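Shown next, in structure tokens, is the structure this report addresses.
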Amino acid sequence: PYAIVPAMPIPHILVTNDDGVTAPGLLALAQALRPLGRVTIVAPDRNWSASGHVKTLHKPLRSTEVRLADGTTALATSGAPSDCVALALLGLVDAPIDLVVSGINPTVNVGHDVTYSGTVTAAMEAAVADVPGIAVSLDAPGVEAGSDAPPGTAIDFGPAAAIAARIAERVLTHGLPPKTLLNVNVPGLPADDIQGIAITRQGLRVYRDALITRADPRGRPYHWIGGDAPTGVPEDGTDVGALAAGWVSVTPLQLDMTAHGFLGALEGWGW
């Protein structure tokens, strides 16, 4: 007399990052996502910040089970963040993955940062495989953009982790278009001071890189890319502007980087 309603499958969420498997931001993210489903962690065994979108094809990749600070286990791999996602999607873990969440990075990834960021390109690797991806970064106080947190720096990842879980729940419910990911940047404020969530476009990042040339102990020159920390143009409607005003920025990114507006002009070059 009663209809049998099939049980909804439990979502399988892959968590990764670019700061290494022992980074506190990764643990905070995984803990916040566990109420949503099964969480598997596959992350680099070392820091891969600013690694970009890497696919390792010419050397072997290794994975090792490690125990995290809360007693749970993760897989640490010798590959880049995007390698970690590729390995998991290709069968390193034992079940299909419904969502990839990368982070929490202790510095923001806005504007053109997305092409450099290991955090963002891990989510891009998910999008390549048509798996929804989310990249989560925090504008942590006292941490310069493009650098690691100084030793001993205490960062509260709690508000960013809670926001990441909220966004992940929406993505699991609604899905994302093919070849699309969400780039999430959270202001480094107490939870009560965050204004809300703003849907944004990429803003303009301003880089102040400088080439530093020195000599090694044998007199041979070497080069270091240094300079001042990058800033951004806080224009309304952009990721940079939202963060400056205390809002969480959620920017949908797509893998198609074709300059569609230039196609017609390019065709008119008399090929």
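Excluded from the calculations below are hydrogen atoms, water molecules and symmetry mates; all remaining heavy atoms, backbone and side chain alike, are included. Nothing here was measured: the structure is a model prediction, and the numbers come from that model.
- To the nearest 0.5 angstrom, Asn185 atom CG is 5.0 Å from Leu243 atom CG.
- For Asp19 and Arg46, the salt-bridge test fails: no basic side-chain N is under 4.0 Å from an acidic carboxylate O.
- The line from CG of Asp256 to NZ of Lys179 is 11.5 Å long, rounded to the nearest 0.5 Å.
- For the pair Asp98 (side chain) and His12 (backbone), a donor-acceptor distance under 3.5 Å is present.
- Side-chain N or O atoms of Ser117 include none that pairs as donor or acceptor with a backbone N or O of Val114 at under 3.5 Å.
- Taking 4.5 Å as the limit, some side-chain heavy atom of Ile194 sits within range of a side-chain heavy atom of Ile163.
- Val66 and Val93 are not part of a single hydrophobic cluster, where members link through side-chain heavy atoms under 4.5 Å apart.
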| said: Before you tell me yes or no, could you show the steps for Leu182 and Ile167 under side-chain contact (heavy atoms from CB on, under 4.5 Å), namely the whole-Å CA-CA distance, both residues' side-chain angles and the distance that decides it to 0.1 Å? | reply: CA-CA 9 Å; Leu182 298 183; Ile167 294 170; 4.0 Å; yes
| message | Test side-chain contact (heavy atoms from CB on, under 4.5 Å) on Ile134 and Val100; report intermediate values, then the result. | response | CA-CA 6 Å; Ile134 304 171; Val100 174; over 6 Å; no
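- The hydrophobic cluster containing Val110 does not contain Leu204, counting ILVMFWY residues as joined when their side-chain heavy atoms lie under 4.5 angstrom apart, directly or transitively.
- Side-chain contact between Val15 and Leu26 is present, with at least one heavy-atom pair separated by less than 4.5 Å.
- The closest side-chain heavy-atom distance from Arg214 to Tyr222 is below 4.5 Å.
- Looking at Thr180, its side chain does come within 3.5 Å of a backbone N or O of Pro178 through a donor-acceptor pair.
- Shown here for Gly79 and Leu61, the closest heavy-atom pair between the two residues is CA-CD2, 3.6 Å.
- Judged purely by atom type and a 3.5 angstrom limit, Asp139 has no side-chain atom pairing as donor or acceptor with the backbone of Thr107.
- Looking at every heavy atom in both residues, Ala164 comes nearest to Leu29 through CB-CD1, 3.6 Å.
- Side-chain atoms of Ser82 come within 3.5 Å of backbone N or O of Val54 as a donor-acceptor pair.
- For the pair Val248/Pro187, a side-chain contact is recorded, criterion being any heavy-atom separation below 4.5 Å from C-beta on.
- Distance CZ/Arg205 to OG1/Thr231: 7.5 Å, rounded to 0.5 Å.
- Atom CZ of Arg34 has more than 12 heavy atoms from other residues, nucleotides or ligands within 6.0 Å.
- Around CD1 of Ile225, the count of heavy atoms belonging to other residues, nucleotides or ligands within 6.0 Å does not exceed 12.
- Other residues, nucleotides and ligands contribute at most 12 non-hydrogen atoms within 6.0 Å of the NE2 atom of His112.
- Residues Arg62 and Asp83 are not paired through a salt bridge, judged by the lack of any N-O separation under 4.0 Å between the basic side chain and the carboxylate.
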| side chain to side chain donor-acceptor pair (under 3.5 Å) evaluation trace for His223 with Thr213 | CA-CA 5 Å; His223 309 286; Thr213 301; 3.0 Å; yes
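- Of the possible polar contacts, one joining the Trp271 side chain to the Leu266 backbone as a donor-acceptor pair under 3.5 Å is found.
- Heavy atoms only, all atoms of each residue included: Pro81 and Trp48 are closest at CD-CB, 3.5 Å.
- In this structure, Thr121 OG1 and Asp18 CG are separated by 7.5 Å, a value rounded to the nearest 0.5 Å.
- Put simply, the residue from Asn109, Asn183, Thr200, Thr238 that forms a side-chain hydrogen bond (donor to acceptor under 3.5 Å, both in side chains) with Thr251 is Thr200.
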| From CA spacing to verdict: side chain to side chain donor-acceptor pair (under 3.5 Å), Thr173, Glu169 | CA-CA 6 Å; Thr173 299; Glu169 187 274 331; 3.1 Å; yes
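- Residues Asp113 and Val120 are not in side-chain contact: their nearest non-hydrogen atoms beyond the backbone lie 4.5 Å or more apart.
- Here the CG atom belonging to Leu14 is positioned 7.0 Å from the OG1 atom belonging to Thr40, to the nearest 0.5 angstrom.
- Under a hydrophobic clustering in which Ile, Leu, Val, Met, Phe, Trp and Tyr are joined whenever their side-chain heavy atoms come within less than 4.5 Å, directly or via other members, Val21 and Leu33 fall into the same cluster.
- Here the closest heavy-atom approach between residue Arg38 and residue Ala95 is recorded as NH1-CB, 3.4 Å.
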| request: Quick one: do Val240 and Val108 satisfy side-chain contact (heavy atoms from CB on, under 4.5 Å)? Show the steps, please. | output: CA-CA 9 Å; Val240 179; Val108 297; over 6 Å; no
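- Linking Ile, Leu, Val, Met, Phe, Trp and Tyr residues whenever their side-chain heavy atoms come within less than 4.5 Å places Ile13 and Val250 in a single cluster.
- In this structure, the side chains of Leu138 and Pro106 stay at 4.5 Å or more apart for every pair of heavy atoms.
- For Ser102 (side chain) and Thr119 (main-chain N/O), a donor-acceptor pair under 3.5 Å exists by modelled atom type.
- For the atom pair CD of Gln202 and OG of Ser249, the computed distance is 9.5 Å after rounding to the nearest 0.5 Å.
- Hydrophobic side-chain contacts under 4.5 Å tie Tyr116 into a cluster, directly or through other members, with Tyr207.
- The local environment of CG in Asp236 is sparse, with at most 12 non-hydrogen atoms from other residues, nucleotides or ligands closer than 6.0 Å.
- Hydrophobic clustering (ILVMFWY, side-chain heavy atoms < 4.5 Å, transitive): Val136 and Met124 are in distinct clusters.
- The minimum heavy-atom distance linking Cys84 with Thr16 is given by the pair CB-OG1, 3.7 Å.
- In terms of heavy-atom proximity, Ile212 sits nearest to Gly226 at CD1-CA, 4.1 Å.
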| message | Could you walk me through whether Arg166 and Ile197 satisfy the side-chain contact (heavy atoms from CB on, under 4.5 Å) test, starting with their C-alpha distance in whole Å, then the side-chain angles of each, then the deciding distance to 0.1 Å, before giving a yes or no? | response | CA-CA 10 Å; Arg166 179 180 172 190; Ile197 293 176; 3.9 Å; yes
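- Considering only heavy atoms from C-beta on, Leu99 stays 4.5 Å or farther from Ile97 through its side chain.
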